[in-house]
Student: 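Quick one: the structure is below, questions incoming.
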Amino acid sequence: MAIQQQIQEAAIKSLEQLYGKQFTAKDFQINKTKPEFEGDYTIVLFSLLKPLGKSPDALGNELGKHLVENNATLFTAYNIIKGFLNLTVADAYWLQLLSANYNNVSFGKAAAKNQKVMVEYSSPNTNKPLHLGHLRNNFLGWSAAEIIKANGYDTVKTCIVNDRGIHICKSMIAWQLFANGATPQSTTTKGDHFVGDYYVKFNDEYKKQIEELIAAGIKKDDAEKEAPIMKATQQMLLDWEAGKPEVMELWKEMNSWVYAGFDATYKRIGSNFDKTYYESNTYLLGKKTVQEGLAKNVFVQKEDGSVWIDLTADGLDEKIVQRKDGTSVYITQDIGLAQQKYDEYKIDQSIYVIGDEQNYHMKVLQLICKKLGLPYADSIYHLSYGMVELPTGKMKSREGTVVDADDLLDEMERVAQQKTEELGKVKDFTAEELKELYRTLSLGALKFYLLRVDPKKKMIFNPEESIDFHGYTGPFIQYTHARIKSILRKQKANDSNSIQQTVLLPLEKELLIELENYPTVIVQAGNEHDPSHLANYIYTIAKTFNSFYTEHSVMNAETEEKKQLRLFICELTANVIASGMQLLGINVPERM
RNA sequence: GGUCCGGUAGCUCAGCUGGAUAGAGCAUCAGCCUUCUAAGCUGAGGGUCAUUGGUUCGAAUCCAAUCCGGAUCACCA
């Protein structure tokens, strides 16, 4: 049990024994003691004063004395400053924690809960390569799933590939018009980039045609509809829906190029999925639900045949769920897919990692599911994240202002290589080991950069300033891990009996107090679906370790006992860093 | 206009289920490598926590209003 919780329970017990009154954890707070005061944890007494009719000093003294006397293994001292009761936790407690967990790779992870959580993330369109925004999504989704797993849930990582629709037809049409049969192979271009280039070509041509039509005296709105390339695209969409063989063949081939490209990028960044859904298979789902909704009078049919739901009573708007021609809209497909996920996996919770531009959409989706009385309605959770923007504003693929994922990864690897060569610490590495190191460091820098901020906040990425390797960064933490491993290669911790009587120095104790908190941080990050808590926490651990490292020598410790103690601290710190970084999807090197 | 989200140091961000003098990193300045990896450590300067009012013993944190920025409110996905 977490120390904070133990203190709270001890205090509740003492308060009952002293005053015969029952309090709960909500009635008073336990905080970490501020560094400028003596003690480790602090009970804030103010909220207890009125119910007990006591002065801060009287309550503090009585409670402090009772706690120390009745929990000799837990507390060694107390002091009171104003309304704050500061408690000093026994060194033996931290030492016991240390010897029990120093080599426990499951430290911080919860027992199996036998519940299943699905995390949908990534969800790309097959008409353009992945960009920086997708990276935030991928890193978030992957990490959120790992954190959920660490909290004892079974997880299913899924991806819904947006592989059909008018935007896909655009790149197909452009390819037909301009490619002269070129392929990724013939041009040695990565498949997703190859197709993306034709998507850009479409827009260039479309714009040109509109201008020409406007020059010929046609109104802008009409020009946009009448441009030949757009008409051809719309026809192609109809042909696709009709299953016209040559269209299907081209569609399959171009998508296969894109998938080859995506696979390479996913492999590179470490994204993986247990189940991939394709919109071309799911876009007809949900129609049955429309009929059921009509039968239940949740939906209403208008005269023209379109089907609607009125959400104005819930502060939202009227929303269409089926067009007058009988085809389903996006939200209807989503209802259908939600049902399919539930049917296939019997999931207890369904998490959607989707940008905050779809907050409204997801709210509507959940509300409709509730009104339909679907059993999984409450299990839907939208893990919403802010857009990644450039200093110049939003990224726009049509305007070519996107930061391409592959380009960025290449650039990060170059920076990692340059910095490593400047420092010259791994000259004995093989070419293969160096390559792996650059990959580890570059991904560590990028993932940490994108995960360390609160997901729901938008963030600005400046391509001019490359991502740092110093300070609050992934490489800083990776470096700390490598430093520890360098010590542990010289000697491993072995004799935990020898350290049980050791008196802890401030930095030793501080590190242990922080390490003890790891399980609590995993729970918090899990409850809030927020990896940034974990990123923050690991950084704090690394920072404290580096202070400790500079202040105290391990191999040349004052005594053999201290050497053993510090070796154990090194082991546990390295384990927590490696474990926590793994939950962020970041590897830590043995050397760098 | 309705709804939702954000506004904390020059910049990027923590802290937000109310608690002690608001914290990090970057940048700036001053120190620290004959000793376990200096991608490090120590210190300094830098704040009207958007504004105003309220609740409270106590507010960056909760409530209300206002200002600023963003998202969204399609028979698009």
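In what follows, chains carry the letters A, B, and so on, assigned in the order in which the sequence lines appear, proteins first and then strands, with residues in each chain numbered from 1. Just so it is clear, the values below take in all heavy atoms, side chains as well, and ignore hydrogens, waters and symmetry mates.
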Student: Is the Lys NZ or Arg CZ of A:R483 less than 6.0 Å from the centre of A:Y549's six-membered ring, within 45° of the axis?
Tutor: yes
Student: At 4.0 Å (heavy atoms only), tell me whether A:Q478 reaches a base, stays on the sugar-phosphate, or touches nothing.
Tutor: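 Answer is nothing: A:Q478 stays at 4.0 Å or more from every strand.
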Student: Distance between the C1' atoms of B:A44 and B:G6, in whole angstroms?
Tutor: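 Comparing C1' positions in B:A44 and B:G6 gives a spacing of 33 Å.
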Student: Just call it for A:S553: base, sugar-phosphate, or nothing, with non-hydrogen atoms closer than 4.0 Å on any strand.
Tutor: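 If one applies the 4.0 Å heavy-atom cut-off, A:S553 turns out to touch a base.
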Student: Students often get this wrong, so: under 4.0 angstrom with heavy atoms, is A:K363 touching a base, only sugar-phosphate, or nothing?
Tutor: sugar-phosphate
Student: Taking any heavy-atom pair under 4.0 Å as a contact, classify A:M459: base, sugar-phosphate, or nothing.
Tutor: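 A:M459: backbone/sugar contact only, no base atoms under 4.0 Å.
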Student: Contact class for A:V453 vs. all strands (heavy atom < 4.0 Å): base, sugar-phosphate, or nothing?
Tutor: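 Answer is sugar-phosphate: A:V453 comes under 4.0 Å of backbone atoms only.
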Student: I want to verify a distance call: between B:C5, B:C13, B:A77, whose nearest atom is closest to the A:K456 side chain?
Tutor: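 Of the candidates, B:C5 comes closest.
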Student: Would A:R136 count as a cation-pi partner of A:Y385, with NZ or CZ less than 6.0 Å from the six-membered ring centre and within 45° of the ring normal?
Tutor: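 No cation-pi geometry.
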Student: Remember a base hit wins even if backbone is also touched, and classify A:E590 as base, sugar-phosphate or nothing at under 4.0 Å, heavy atoms.
Tutor: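 A:E590: base contact, heavy atoms under 4.0 Å.
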Student: For A:H481, answer base if it contacts any base atom (sugar-phosphate contacts may also be present), sugar-phosphate if it contacts only those atoms, and nothing otherwise; contact means non-hydrogen atoms under 4.0 Å.
Tutor: nothing
Student: By the 4.0 Å heavy-atom rule, please label A:T42 as base, sugar-phosphate, or nothing.
Tutor: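 Result for A:T42 = base.
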Student: Tell me if B:C73 is syn or anti. Syn = glycosidic torsion within 90° of 0, anti otherwise.
Tutor: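 Anti, angle beyond 90° from zero.
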Student: What's A:K490 touching, base or sugar-phosphate or nothing? Going by heavy atoms closer than 4.0 Å.
Tutor: sugar-phosphate
Student: Scan A:S532 against the nucleic acid and name what it touches under 4.0 Å (heavy atoms): base, sugar-phosphate only, or nothing.
Tutor: nothing
Student: Side-chain polar contacts of residues 38-46 of chain A - donor-acceptor pairs under 3.5 angstrom, sequence neighbours left out - could you list them?
Tutor:
residue, atom, partner, partner atom, Å
A:D40, OD1, A:K509, NZ, 3.3
A:D40, OD2, A:V89, N, 2.8
A:D40, OD2, A:K509, NZ, 3.1
A:T42, OG1, A:T33, OG1, 2.7
A:T42, OG1, A:N86, OD1, 2.6

Student: Of all the choices, B:U35, B:A20, B:G15, which nucleotide is nearest to the side chain of A:N556 once you look at every atom?
Tutor: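 Out of B:U35, B:A20, B:G15, the nucleotide with an atom closest to A:N556's side chain is B:U35.
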Student: Does the side-chain ring of A:F37 lie flat on the base of B:A20, meaning centres under 5.5 Å and planes less than 30 degrees apart?
Tutor: yes
Student: Does A:K32, at its NZ atom, have more than 12 non-hydrogen atoms belonging to other residues, nucleotides or ligands within less than 6.0 Å?
Tutor: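 More than 12 heavy atoms, drawn from other residues, nucleotides or ligands, come within 6.0 Å of this atom.
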Student: Rounded at 0.5 Å granularity, tell me how far NE2 in A:H529 sits from NE2 in A:H382.
Tutor: 12.0 Å
Student: By a 5.5 angstrom centroid cut-off and a 30 degree plane limit, is there stacking between A:F46 and B:G19?
Tutor: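 Yes, the aromatic ring of A:F46 stacks with the base.
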Student: Categorize A:N527 for me: base, sugar-phosphate, or nothing, with a 4.0 angstrom heavy-atom threshold over every strand shown.
Tutor: nothing
Student: Which part of the nucleic acid does A:Y479 contact within heavy-atom distance under 4.0 Å: base, sugar-phosphate only, or nothing?
Tutor: base
Student: Heavy atoms from C-beta onward define the side chain here; which of B:G6, B:U12, B:U37 lies closest to that of A:S486?
Tutor: B:U37
Student: Base, sugar-phosphate or nothing for A:F476? Non-hydrogen atoms, less than 4.0 Å.
Tutor: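 Contact class for A:F476: sugar-phosphate only.
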